[in-house]
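Working notes, beginning with the structure itself.
Heavy atoms only: backbone and side chains are in, while hydrogens, waters and symmetry mates are out.
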Amino acid sequence: MPNLGVPELLIIAVLLVLLFGARRLPDAARSLGRSMRIFKSEVKEMHKDDETPQAITQNNSQTAQAQPNLTQNTSDYRDTL
């Protein structure tokens, strides 16, 4: 891809102003900025959602190891009756 220098960037800027008009460019830039912010926040939420199930499964496995197996205890209790 060729390098864009200052003259090329100026030509592109002039073309944008001619195509969209001076009034529309700030609104378009503002809308683009909002869209990027929304996209960024959604990506962060997706990463947070991906991390949460791993933490839950780790916590569940730790609590399962800490609690005694109740099914074995009830069978012993029934045998004594």
Quiz item: Tracing side-chain links under 4.5 Å among I, L, V, M, F, W and Y, which residues wind up in one group with Leu18?
Solution: Val14

Contacts under 3.5 angstrom, residues 35-44 side chains, donor-acceptor by atom type, not counting sequence neighbours:
unit_1	atom_1	unit_2	atom_2	d
Ser35	OG	Ser31	O	2.9
Ser41	OG	Arg37	O	3.4
Ser41	OG	Ile38	O	2.8

Exercise. Give a yes or no on whether a salt bridge exists between Arg30 and Asp27, defined as a side-chain N under 4.0 angstrom from a carboxylate O.
Key: yes

Exercise. Is it possible for you to say whether Ile12 and Leu19 belong to one hydrophobic cluster, with membership spreading through side-chain heavy-atom contacts below 4.5 Å?
Key: yes

Quiz item: How far does CG of Leu25 sit from CG of Leu32, to the nearest 0.5 angstrom?
Solution: 11.5 Å

Quiz item: Considering residues at least two apart in sequence or located in another chain, which fulfil the side-chain hydrogen bond (donor to acceptor under 3.5 Å, both in side chains) criterion with Arg23?
Solution: none

Self-check item: Co-members of Met46 in a cluster of I, L, V, M, F, W and Y side chains, linked at under 4.5 Å
Solution: none

